[in-house]
Amino acid sequence: MSVGTNSIGKPVSRIDGPAKVTGRAKYAAEFSAPGLAYGVVVSSVVAKGRIISIDRSAALAVPGVIEVFAHDNRPSLPSSHEKYTDQVAAPGSPFRPLYDGEILFSGQPVALVVAEELEIARFAASLVDIRYETEEAVTDLDTQIDQAFEPPEKRAPDWDPPARGDVDSALSRSPTRIRTEYRTPVEHHNPMETFGSTAVWNDGRLTVYDKTQGAPNCQEYLCSVFGLAKDKVRVLSPYVGGAFGAGLRPNYQLFMAALAAIGLKRSVRVTLTRQQMFTLGYRPQTLQTLTLGAENDGRLVAVKHDAIANTSRFEDYQEPTVVWSGALYSCDHSTVTSRLARLDLFTPCDMRAPGGAVGMYALESAMDELSYAVGVDPLELRLKNYSERDQNKNRPISSKALKDCYLQGAERFGWSKRRPEPRSMREGRELIGYGMATGIWSAFFVPTSARAILAPDGTLEIACATADIGTGTYTILAQIGAEMLGLPLDKVIVKIGDSDLPSAPVEGGSWTAASAGSAVVEACKGIRKELLKHASAINSSPLQGVDVADVTIVDGQIRMTSDPSRAMPLSEVVMGLKEPIRSEVSAAPDERALEEYSHYAHSAVFAEVRLDEELGMLRVARVVSAVAAGRILNPKTARSQILGAVVGGIGMALHEETVIDHRYGRFMNHNLAEYHVPVHADVHAIDVIFVDEQEHRLNPLGVKGVGEIGIVGTAAAIANAVFHATGVRVRDLPITIDKLLELRQPTSNHAA
Ligand code: MOS
């Protein structure tokens with residue numbers, strides 16, 4: 001594939017950028033409809049129990065209030081409602097809004113007030129008088145460790161690889177052993193755009209603008225829950241203001257908006273407040289134990305990793321937390337296990353690099369602890385234990401340029417300037433620490449369909465139901481189309497975020513560039529074939545008899561690759577078209593390549609932290625993230641993905657924590673004032689390197705995806721840098737100053 005000026009590999013600015021900065025890009029809650037009504041959700045104030053009465057009279061008495069929906073008066077739902085699952089559902093019984101009076105978690109949606117205006121609905125919602133019978137809710141994971149269980153139904157079998165070797169006897173023989181426990185808290189995604197759905201009712205048809213990472217997923221959900229034919233429901237998500245996984249599953253505002261629209265035969269919009277964003281899925285809390293056995297020189301002998309995470313009472317949410325510990329490093333003996341404990345909370349939900357972000361925090365912190373125990377530089381330790389094979393499956397990795405990540409990252413960062421001793425680097429009042437960690441994430445290619453239409457005016461339309469959650473999907477799909485057909489970028493129109501378009505899985509798992517991208521490649525190949533047919537049919541065409549595999553379209557020319565003198569202008573062929581050329585395909589991976597090889601993206605993360613000892617201010621002064629993720633379609637949008645994920649990693653390391661008051665079973669800091677995320681003042685230099693990595697098996701583009709790899713390892717690199725700076729090992733995220741002070745060694749000479 002040749003590279004044109006606007007196409008693959010170029011740092012093209014987002015094609016949706018102008019629409020976004022001028023406000024022309026419309027988000028789910030910005031669409032309108034004639035007679036639109038507004039719904040406000042009433043949330044349960046108790047965490048467990050049941051509703052004994054609902055008094056709507058005061059709410060209904062407010063002029064402009066249309067209806068107050070709750071479990072006792074909602075329109076009846078078909079039996080398919082009982083057993084729906086969505087594409088991303090965990091094993092169990094999904095939460096059904098307004099199903100009955102049972103309360104399963106604090107903040108559970110219990111009623112929807114619909115009114116002529118949003119403010120009327122909001123006011124009336126405060127007047128709905130709900131009485132509860134309350135039971136004691138259990139939300140403290142520490143009290144449930146004895147009840148932790150292995151989920152009977154696995155979300156993915158690969159996440160629990162079988163044990164290899166004999167880890168316990170290997171540990172007992174190991175000259176060096178470390179056993180440490182790490183904790184990570186509940187975190188909420190908190191994208192800027194809160195969830196909202198505008199359900200447009202049109203004579204029995206429902207068109208819903210929804211904030212979602214999967215329009216087809218939400219369409220299927222609505223069809224099965226409300227018993228509607230597929231052609232009666234269309235879900236659109238043209239623009240999504242961030243999601244980080246929070247929009248993978250249909251959220252309850254979608255149900256509420258559709259229920260009200262169907263019940264009232266009228267268009268209804270339901271939006272959630274920032275507080276209500278904390279009633280959706282979240283990153284679960286984890287308690288993790290890492291045991292490493294090593295030779296005196298640092299070579300690993302045994303790795304044991306056990307993780308306990310919370311789930312809800314009704315679903316067994318699982319994520320890949322421990323699988324990496326078995327896979328990454330060369331080691332003959334390994335056992336990794338993960339268990340769940342039930343709490344009276346809503347079900348957790350995938351959040352950027354689910355499992356990987358927290359599991360690799362534990363593994364890479366333990367590796368850092370091992371480096372001090374054996375007196376081997378942390379980077380050297382990773383290189384000593386480098387594996388060319390997937391240790392879990394004992395099979396080759398299709399491509400792995402992790403070594404280049406380590407070396408180029410270390411070089412850029414200046415790792416060689418690191419002094420090995422903790423508390424040995426200082427500048428004025430500031431203690432300086434250098435830390436590093438490895439990142440790993442699966443590279444996927446999931447079946448996806450796409451359509452390409454080339455019009456006689458020379459414009460190409462690309463269509464796929466996938467979403468752009470701010471990642472750059474619009475842009476890279478346009479680049480791929482432009483590349484394939486030798487067109488300028490502004491001749492490519494991309495349509496996505498619509499369940500009417502060729503089907504795509506949810507936009508997640510970092511698989512969209514690889515999957516939707518490959519589907520666009522295949523669709524465009526169909527166009528090429530047709531174009532060549534048309535070109536060959538032209539009198540005295542230089543392309544007669546040329547095989548499509550030997551054709552390149554570049555710089556406005558269709559030419560024979562092996563003999564470029566045989567060429568003709570693309571415009572000549574296109575202008576001769578009597579009607580548009582269409583090509584629609586389903587792209588799917590080569591199953592053999594998936595069986596014979598493992599596919600991962602990798603990274604090496606280097607962090608410098610600085611602690612002002614007098615003020616107790618801790619900051620991440622620099623991060624270098626060196627990433628190997630196959631082919632980079634657009635270095636500009638890809639870099640932004642890594643930058644954003646590193647900021648997420650800074651948040652995970654130092655700021656983010658959703659605090660539960662166990663007396664009420666309630667998330668307390670449910671706002672962006674008290675749920676801390678890094679702000680500009682917390683984010684300093686971030687340097688992103690994409691190392692060269694050639695991937696030939698996973699998909700036709702050689703793409704691995706960059707949505708999640710940037711957060712994996714980042715929190716560990718920062719935590720390791722904090723230890724190096726201070727000599728204090730906080731094993732409980734986030735690393736806040738109170739924990740540092742509490743743990744500081746009596747020998748240390750803090751001024752504070
Ligand atoms: Mo990602 S957590 O699959 O949106």
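These values consider heavy atoms only, across backbone and side chains, with no hydrogens, waters or symmetry-generated copies. Read the numbers this way: they start at 1 and go in the same order the structure lists the ligands and their atoms.
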Protein contact to [atom] [nearest heavy atom, distance to 0.1 Å]:
atom	value
atom 3 (O) of ligand 1	Gly509 N, 2.6 Å
atom 1 (Mo) of ligand 1	Glu708 OE2, 3.4 Å
atom 4 (O) of ligand 1	Gln213 NE2, 2.8 Å

Does a side-chain N-to-carboxylate-O contact under 4.0 Å join [X] and [Y]?
X	Y	result
Glu693	Lys704	yes
Lys393	Asp158	yes
Lys211	Glu193	yes
Arg697	Asp590	no

Could you tell me which atoms of ligand 1, counted from 1 in the order shown, lie closer than 4.0 angstrom to a heavy atom of [X]?
X	answer
Asp350	2 (S)
Met351	2 (S)
Gly245	2 (S), 4 (O)
Phe244	2 (S), 4 (O)
Arg352	2 (S)
Pro354	2 (S)

Heavy-atom distances under 4.0 Å are what count here, so tell me which part of Ile469 touches ligand 1: side chain, backbone, both or neither.
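The answer is neither; Ile469 stays 4.0 Å or more away.
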
Side chain to side chain contact (heavy atoms under 4.5 Å, CB included) partner of Thr286, chosen from Val358, Leu733, Ile308:
Val358

Apply the salt bridge (Lys or Arg N to Asp or Glu O under 4.0 Å) test between Glu315 and each candidate in Arg342, Arg155, Arg249; give the one that qualifies.
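Result for salt bridge (Lys or Arg N to Asp or Glu O under 4.0 Å) with Glu315: Arg249.
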
Hey, do the aromatic rings of Phe195 and Tyr252 have their centres closer than 6.0 Å?
no

